[in-house]
Amino acid sequence: MATALITGGTSGIGAAFARALAERGDDLVLVARNADRLSETATELKERYAIGVETIIADLAVRDDVLRIAERLTSVEQPIDMLINNAGFGVRAKLTDPDTTPHEHAIDVMIRAVLMLSGAAGRTMRQRGSGTIINVSSTAGFVAMGNYSAIKAWVTAYTESLANELHGTGVNVTALCPGWVRTEFHERARINVGSIPDLLWLDADQLVTDCLQDAAAGKVISIPSKRYKVMIGIVERLPHRTLRAISRKLRSGRH
Ligand SMILES: NC(=O)c1ccc[n+]([C@@H]2O[C@H](COP(=O)([O-])OP(=O)(O)OC[C@H]3O[C@@H](n4cnc5c(N)ncnc54)[C@H](OP(=O)(O)O)[C@@H]3O)[C@@H](O)[C@H]2O)c1
């Protein structure tokens with residue numbers, strides 16, 4: 001019986017991972033801030049799939065909370081077979097805003113926590129000779145649209161480096177790079193999605209199924225859907241000057 005730890009497992013993509021893994025019989029450890037929602041999600045999953053669900057109330061922006069989760073990840077008695085670093089949010093603040101706290105908060109949750117938790121899981125899984133780490137990045141990491149892009153570019157590059165460090169150890173490491181997915185993400189970040197065409201929206205359950213297949217196959221980068229694979233293939237071949245101009249246009253249409 002396998003156990004997966006999912007940060008942000010109560011909503012959107014994280015909840016889709018929780019359902020997919022529960023459906024195949026894995027036990028879960030769910031991490032989020034909202035205690036009521038965590039307990040509701042756990043009860044629902046336990047009743048529906050007859051699995052074990054542990055919850056950890058934690059704010060990934062708080063270093064001590066992250067250390068608590070890292071400790072859980074390194075448990076020998078109750079091993080974690082899969083870590084999904086999924087918790088995250090959009091960042092609207094401008095890079096030149098005088099108040100940098102929204103950026104620092106985003107870096108704490110989407111960089112520092114990913115670094116600490118992946119490192120802890122990687123160490124333990126390497127000793128065991130097996131395990132899977134999935135870091136939820138974004139196609140935003142391939143463009144230049146503010147701190148969110150910069151953070152997700154870090155997540156992807158970091159994941160590739162971790163995959164190299166753990167190569168041949170039996171631990172699979174994958175960066176999931178989704179495009180637009182209908183979740184609470186955009187509302188929470190007050191991002192205007194009115195101009196996003198239907199074609200660009202992805203289904204959370206489908207992308208999770210594809211990502212779990214990619215991770216099991218040892219793929220380091222998982223880009224969900226053919227259309228996004230084609231788009232990112234083109235983006236990666238564009239001159240950076242062109243890419244910056246496109247990013248500028250896209251970002252100005254978003255505010
Ligand atoms: N939706 C998209 O279009 C899209 C596209 C590409 C990538 N992504 C990435 O996908 C991941 C999941 O996003 P989503 O779209 O599923 O968003 P979502 O529906 O808003 O879910 C976010 C989850 O993260 C948790 N969370 C947020 N801040 C946290 C913190 N400080 N500590 C602990 N948990 C925290 C939330 O629970 P609590 O509020 O209870 O803490 C919630 O469970 C993110 O990394 C995001 O960047 C999303």
Side-chain angles (χ1 to χ4, degrees), residues 5-20 28-42 45 55-70 83-92 101-102 104-114 116-118 134-143 145-156 158-159 174-193 196-198 200-208 211 221-225 228 231-232 254:
L5 186 148
I6 309 170
T7 68
T10 54
S11 171
I13 296 171
F17 268 112
R19 285 192 298 274
L28 299 173
V29 182
L30 303 179
V31 178
R33 290 165 302 179
N34 186 318
D36 291 343
R37 201 160 174 194
L38 262 176
S39 123
E40 276 163 29
T41 309
L45 289 166
T55 57
I56 302 178
I57 304 160
D59 183 346
L60 294 171
V62 177
R63 199 169 188 279
D64 283 346
D65 283 12
V66 181
L67 284 172
R68 239 181 337 116
I69 305 162
L83 162 66
I84 303 174
N85 276 310
N86 160 79
F89 44 84
V91 189
R92 267 175 60 99
T101 45
E104 292 169 46
H105 181 239
I107 288 169
D108 288 347
V109 175
M110 292 185 276
I111 293 186
R112 187 180 64 187
V114 171
M116 290 169 69
L117 298 182
S118 299
I134 296 174
N135 292 330
V136 181
S137 186
S138 170
T139 50
F142 294 95
V143 293
M145 294 172 66
N147 196 25
Y148 183 73
S149 279
I151 287 171
K152 292 303 188 181
W154 180 89
V155 174
T156 304
Y158 167 79
T159 305
T174 300
L176 166 61
C177 303
W180 296 90
V181 191
R182 284 194 205 281
T183 66
E184 294 172 18
F185 179 95
H186 311 99
E187 202 185 319
R188 286 190 199 229
R190 291 180 295 113
I191 295 170
N192 173 13
V193 293
I196 308 302
D198 282 351
L200 292 185
W201 289 102
L202 295 166
D203 176 65
D205 292 310
Q206 186 59 52
L207 76 86
V208 160
C211 175
I221 307 279
S222 175
I223 298 176
S225 86
Y228 272 100
M231 267 189 284
I232 296 303
R254 192 81 23 87

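Each residue takes its place number in the sequence, starting with 1. As the structure lists them, so they are numbered: ligands from 1, and atoms in each ligand from 1. Worth knowing before you read on, the calculation uses all heavy atoms, side chains too, and leaves out hydrogens, waters and symmetry mates.
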Atoms in ligand 1 flagged as close to G12, the criterion being non-hydrogen separation under 4.0 Å
16 (O), 19 (O)
Could you tell me the separation between the CG atom of L67 and the CG atom of L117, rounded to the nearest 0.5 Å?
9.0 Å
Evaluation steps, side-chain contact (heavy atoms from CB on, under 4.5 Å), between I191 and Y148
CA-CA 12 Å; I191 295 170; Y148 183 73; over 6 Å; no
Going from OG1 on T139 to CE on M145, what distance comes out if it is rounded to the nearest 0.5 angstrom?
9.5 Å
For Y148, take its heavy atoms, then give the atoms of ligand 1 lying under 4.0 Å from any of them.
7 (C), 8 (N), 9 (C), 46 (C), 47 (O)
Give the atoms of ligand 1, by number and element, whose distance to some non-hydrogen atom of A58 is under 4.0 Å.
32 (N), 33 (C)
Could you give me the CA-CA distance, side-chain angles and deciding distance for F185 and W180, then say whether side-chain contact (heavy atoms from CB on, under 4.5 Å) is met?
CA-CA 10 Å; F185 179 95; W180 296 90; 5.9 Å; no
Is the ring pair H105/F89 parallel, tilted or perpendicular, if the boundaries are 30 and 60 degrees?
parallel
Apply side-chain contact (heavy atoms from CB on, under 4.5 Å) to the pair I69 and L60, showing each step before the final yes or no.
CA-CA 9 Å; I69 305 162; L60 294 171; 3.4 Å; yes
Using a strict 4.0 Å cut-off to heavy atoms of E184, name the atoms of ligand 1 that fall inside it.
19 (O), 20 (O)
Mind checking whether R182 contacts ligand 1 via backbone (N, CA, C, O), side chain (CB onward), both or neither, at a 4.0 Å heavy-atom cut-off?
neither
D59 heavy atoms, cut-off 4.0 Å: which ligand 1 atoms fall inside?
30 (C), 31 (N), 32 (N)
T183 (side chain) donor-acceptor with I13 (main chain) under 3.5 angstrom
no
Do T183 and ligand 1 have an N or O pair less than 3.5 Å apart?
yes
Of the protein's non-hydrogen atoms, which lies at the shortest distance from atom 25 (C) of ligand 1, and what is that distance?
G8 CA, 3.5 Å
Closer than 4.0 angstrom: is that true for some heavy atom of R188 and an atom of ligand 1?
yes
Mode of W180 contact toward ligand 1 - side chain, backbone, both, neither (heavy atoms, under 4.0 Å):
backbone
Examine the side chains of S118 and N85 and answer whether a donor and an acceptor come within less than 3.5 Å of each other.
yes
Counting only heavy atoms, which portion of C177 has something under 4.0 Å from ligand 1: side chain, backbone, both, or neither?
neither
Among all protein heavy atoms, pick out the one at the shortest distance from atom 32 (N) of ligand 1; state its residue, atom name and that distance to 0.1 Å.
L60 N, 2.9 Å
Can you name the atoms of ligand 1, numbered from 1 with element, that are less than 4.0 Å from a heavy atom of V109?
31 (N)
For I107 and N147, run side-chain contact (heavy atoms from CB on, under 4.5 Å): C-alpha distance rounded to whole Å, both residues' side-chain angles, the deciding distance at 0.1 Å, then the answer.
CA-CA 9 Å; I107 288 169; N147 196 25; 4.2 Å; yes
Spacing of I221 atom CD1 and T159 atom OG1 [to the nearest 0.5 Å]:
7.0 Å
From the candidates L38, V193, L200, N86, the one that places a heavy atom nearest atom 12 (C) of ligand 1
N86
Is there a donor-acceptor contact under 3.5 Å from the side chain of N86 to the main chain of I6?
no
Side chain or backbone of S137 under 4.0 Å from ligand 1, or both, or neither, by non-hydrogen atoms?
backbone
Quick one: does ligand 1 sit under 4.0 Å from the side chain of H186, the backbone, both or neither, non-hydrogen atoms only?
side chain
Taking only heavy atoms of N34 into account, list the atoms of ligand 1 that are under 4.0 Å away from them.
40 (O)
Ligand 1 versus T10, non-hydrogen atoms closer than 4.0 Å: side chain, backbone, both, neither?
both
If we number the atoms of ligand 1 from 1 as shown, the ones under 4.0 Å from a heavy atom of G88 are 22 (C), 24 (O), 44 (C), 45 (O)
Nearest-contact summary for atom 19 (O) of ligand 1 - protein heavy atom, Å:
S11 OG, 2.6 Å
Name the closest protein heavy atom to atom 13 (O) of ligand 1, giving the residue it belongs to and the distance to 0.1 Å.
F185 CD1, 4.1 Å
CZ of R188 to OG of S11: how many Å apart, nearest 0.5 Å?
5.0 Å
Given 3.5 Å as the limit, does a donor-acceptor pair link the side chain of R112 with the main chain of A61, or not?
yes
I need the nearest protein heavy-atom contact for atom 5 (C) of ligand 1: residue, atom name and distance, please.
G179 O, 2.9 Å
The closest protein heavy-atom partner of atom 3 (O) of ligand 1 is V181 N, 2.8 Å
Any luck finding a side-chain donor-acceptor pair between S137 and T156 under 3.5 Å?
yes
Between OG on residue S222 and CG on residue L207, distance to nearest 0.5 Å:
8.0 Å
Does the N or O separation between P178 and ligand 1 drop below 3.5 Å for any pair?
no
Considering only the protein, which heavy-atom contact is closest to atom 28 (N) of ligand 1, and what is its distance?
R33 NH2, 3.3 Å
Protein residue, atom and distance nearest to atom 35 (C) of ligand 1, heavy-atom basis:
A87 CB, 3.7 Å
